[in-house]
Amino acid sequence: ILLSYSTSRKEAMGTRHIQNVLFLFLLGASSLTLAQNLYCHKGISMSIEEDPSSTFNWTTEKVETCDNGALCQESVLIIKSGARTAVLATKGCISEGTQSVTFAQHSPPPGIITVSYSNYCEDSLCNNQKNLVELWRPDVTPASNVSTTLHCPTCVALGTCLRAPALPCPKGTDRCYQGKLRIIGGDINSALEVKGCTSVTGCRLMSGILTIGPMWVNEMCPYQTLIQPRKIENGAPWLPISVGRFEFLLQLLLLPLLVLFS
Ligand SMILES: *[C@@H]1O[C@H](CO)[C@@H](O)[C@H](O)[C@H]1NC(C)=O
Ligand SMILES: *[C@@H]1O[C@H](CO)[C@@H](O)[C@H](O)[C@H]1NC(C)=O
């Protein structure tokens with residue numbers, strides 16, 4: 001309206017000016033249609049659940065308006081040890097990425113189970129997953145099917161475990177895991193402590209996949225030397241420990257780099 005007003009007032013100034021104004025007007029109209037606002041569900045959740053597939057409610061109260069070129073995302077990290085499961089979830093706009101769905105099983109059952117899911121999508125309010133029913137169906141191992149020899153301190157907690165009872169391990173696991181995860185990104189900045197039975201070697205609950213949508217996970221196992229020694233393999237019982245230390249050092253070295261790049 002403003003532009004057509006100025007055209008009629010300044011008609012006398014010649015055709016060139018009118019052409020410029022018309023060009024500006026067209027430019028304005030086309031960028032209006034391109035820059036339709038994208039809205040995304042927004043919210044974070046960090047909780048410890050007994051049965052996330054039936055109790056976890058992933059609806060959020062808020063909606064946010066994204067900057068140009070952004071997408072919507074919904075991402076969740078789920079870690080189960082013993083009877084309890086940590087769920088860290090985030091929804092919102094994300095400035096970079098392509099439309100995609102990513103599902104990863106970082107550590108498989110039996111023992112500690114770690115999975116993650118991330119959905120990037122381009123339509124308003126498309127990050128609308130309401131629960132974890134489709135995403136989280138751990139095979140329930142019969143409680144009786146446990147090893148009689150191996151017991152591990154078992155817990156999962158936001159922050160620090162207050163207690164970690166030594167529980168018998170499921171068959172198919174052969175060592176104890178104790179680690180701390182720092183999860184940063186997607187409005188989350190949280191620590192998780194995880195202890196339990198596993199067959200995963202070293203400090204690799206995340207299996208080296210350290211990004212889950214906008215979240216970045218730093219896995220550290222400060223108690224690694226306290227873990228009961230594994231059966232001696234090839235006469236080199238020190239190997240798992242030194243590998244773990246190396247990974248720990250590597251992550252310490254990588255952390256400042258990632259901070260620099262983010
Ligand atoms: C989930 O929470 C929202 C509000 O936070 C509520 O309106 C909705 O009914 C809840 N859904 C279920 C299945 O409990
Ligand atoms: C118990 O574990 C063993 C070895 O992993 C497996 O072969 C067996 O099927 C399990 N038993 C039950 C009842 O699940």
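We count ligands from 1, going down the list as the structure has it; atoms in each ligand are counted the same way. For the numbers below, each heavy atom of this structure counts, side chains included, while hydrogens, waters and symmetry mates do not.
Residue contact check: Asn57 has heavy atoms under 4.0 Å from atoms 1 (C), 2 (O), 3 (C), 8 (C), 10 (C), 11 (N), 12 (C), 14 (O) of ligand 1. Which parts of ligand 1 touch Glu61 is read off a 4.0 Å heavy-atom cut-off, strictly below it: atoms 4 (C), 5 (O). Near Thr59, meaning under 4.0 Å from one of its heavy atoms, ligand 1 places the atoms 1 (C), 2 (O), 3 (C).
For the cysteine pair Cys40 and Cys66, the distance separating the two SG atoms is not below 2.5 Å. On the SG-SG cut-off of under 2.5 Å, Cys152 and Cys176 qualify. SG atoms of Cys93 and Cys72 are separated by 2.5 angstrom or more, inconsistent with a disulfide link.
Residues Ile212 and Ile183 have side chains not in contact (no heavy-atom distance under 4.5 Å, counting atoms from C-beta outward).
Distance check for atom 9 (O) of ligand 1: every protein heavy atom is found at 4.0 Å or beyond. Protein non-hydrogen atoms do not reach within 4.0 Å of atom 13 (C) of ligand 1.
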Next item on the list: Show the numbers, then the answer: is there a side-chain hydrogen bond (donor to acceptor under 3.5 Å, both in side chains) between Tyr117 and Gln129?
Entry: CA-CA 11 Å; Tyr117 165 86; Gln129 194 88 40; 3.3 Å; yes
